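Notes follow once the structure below has been shown.
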Amino acid sequence: MRILAIETSCDETAMSIVDCHGESKKPAFTVLANLINSQIAIHRPFGGVVPQLAKREHIKNLPILFKELEELMQQAGFTFATIDTIAVTVGPGLEPALWQGIEFAKVISEKYKKPLIGVNHMEGHMYSVLLPKSALHSKVPKGDLEIKNFGTAHPEMVFPAVGLVVSGGHTILVQLNSFTEWKKLGETRDDAAGEAFDKVARLLDLPYPGGPEIERLAKEGDAKAIDFPRPMLNSNDYDFSFSGLKTAVLYHIRDEAPASGLSQKQKADIAASFQQSVMDVLIKKAMRAAEACGAQSVFLCGGVAANKTLRAALEKEATSKGLHCFVPEFTFNTDNAVMIAAAAYIGSFNGKNYPITAEPNLNL
Ligand code: KG4
Ligand code: ZN
């Protein structure tokens, strides 16, 4: 199945063409095109994503990316006739942003008489662990357009598997019994992990998005310097809570910072200690869930999975317990349209097709 996918749920306008093969037990993907136009630089001065600005940028970028896709198809010697299906993210996300992708997808679906599938963005993140290995060496320069040919691959995931889906809007622990059967074990009760990274970054005067900035600064700091709380670490469930941790950082800065502000060393220690708290909670809860459900594999995905310190810590912990550990190729951690094609394909095995209307609060 050749899928053209569109993603506009937040601040990346993304389009892909992906050849999807294999049965539901062994899906595999060949990425023909992966185009991402990041708006990070536009939202950065505002310290976060501004929905109306995102909408305006998607309106501008969608036709540009589509033209690039058409040129790419022409160069590669195939036409729109070979596309089987169009897939578009319908939620969760920012409503004005989602609508732009949906309206654009509707127009091309009608024009080229192709079926249109609605896709859940979080399922996209979940299936990003299946995307091709060869993407490991590719780079998506922020703000630039990317067109790359990746190889075909899929990890040999052994079930049951327990996964952490951690993004800017969600922190979900999920159990997969196969690629098509899964259930949510728990989720955050307040802030998502990525949101906590972004908010703490703001407290430290670091630019948006905060995750990569905190990770960079944490490398210079001591993760044991400050004993920040590990919220809900020992709670008898698989839920999370990160807003108290953010408040603890706020109080620490208020109480500790000299009048002249924080030194670079103090900031680095806060970043490292905060990151350690988030990692401890995520990893411990995932490992506890894995043990409880007899998991053979654990995986990590969503924007926060781009954090190399977290990836390494989870891999170490999982390996020490004899579990297989999967993380997406670096390119596919943050928002992209390849994962949307993958979710549309895997969803097609259970006849899944979300209504073609923006659902800002859609969940896993
Ligand atoms: O999945 P994503 O691109 O968009 C959503 O669906 O939310 O995730 C974006 C989130 C942001 O909160 C960002 O700060 C976080 O992922 N993030 C990171 C890192 N890179 C991105 N968090 C921690 N460490 C990183 N290296
Ligand atoms: Zn996302």
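In listed order, ligands and their atoms are each counted from 1. From a predicted model like this one, the values you see are computed outputs, not experimental measurements.
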Check your understanding: Which residues satisfy the salt bridge (charged side-chain N to carboxylate O under 4.0 Å, His left out) test with Glu71, sequence neighbours excluded?
Key -> Lys67

Check your understanding: Can a donor-acceptor pair be found between the side chains of His43 and Gln39 at a distance below 3.5 Å?
Key -> yes

Check your understanding: Is Lys60 salt-bridged to Glu57, going by a charged N under 4.0 Å from an acidic O?
Key -> yes

Practice item. Assess whether salt bridge (Lys or Arg N to Asp or Glu O under 4.0 Å) is satisfied between Asp269 and Lys265, documenting all intermediate values. Key: CA-CA 6 Å; Asp269 283 348; Lys265 170 72 177 130; 2.9 Å; yes

Point to revise | Same apolar cluster: Phe242 and Tyr208, side chain cutoff 4.5 Å | key: no

Exercise for review: Keeping waters out of it, list the protein N, O or S atoms under 2.8 Å from the Zn ion (ligand 2).
Suggested key: His121 NE2, His125 NE2, Asp335 OD1

Practice item. Measure from the side-chain N and O atoms of Gln100 to the backbone N and O of Pro96, and report whether any donor-acceptor pair falls under 3.5 Å. Key: yes

Review point. With under 30° as parallel and over 60° as perpendicular, where do the rings of Phe349 and Tyr345 fit, or are they tilted in between?
Key: perpendicular

Check your understanding: Listed by chain and number, what are the salt bridge (charged side-chain N to carboxylate O under 4.0 Å, His left out) partners of Glu213, not counting sequence neighbours?
Key -> Arg216

Check your understanding: Out of Thr8, Asn37, Asn61, which residue meets the side chain to side chain donor-acceptor pair (under 3.5 Å) rule with Thr13?
Key -> Asn61

Revision key, fill the gap. Sorted by chain and residue number, the residues with a non-hydrogen atom under 4.0 Å of ligand 1 are His121, His125, Ser167, Gly168, Gly169, Gly194, Phe197, Asp198, Pro209, Gly210, Gly211, Pro212, Glu215, Gly303, Val304, Ala306, Asn307, Thr334, Asp335

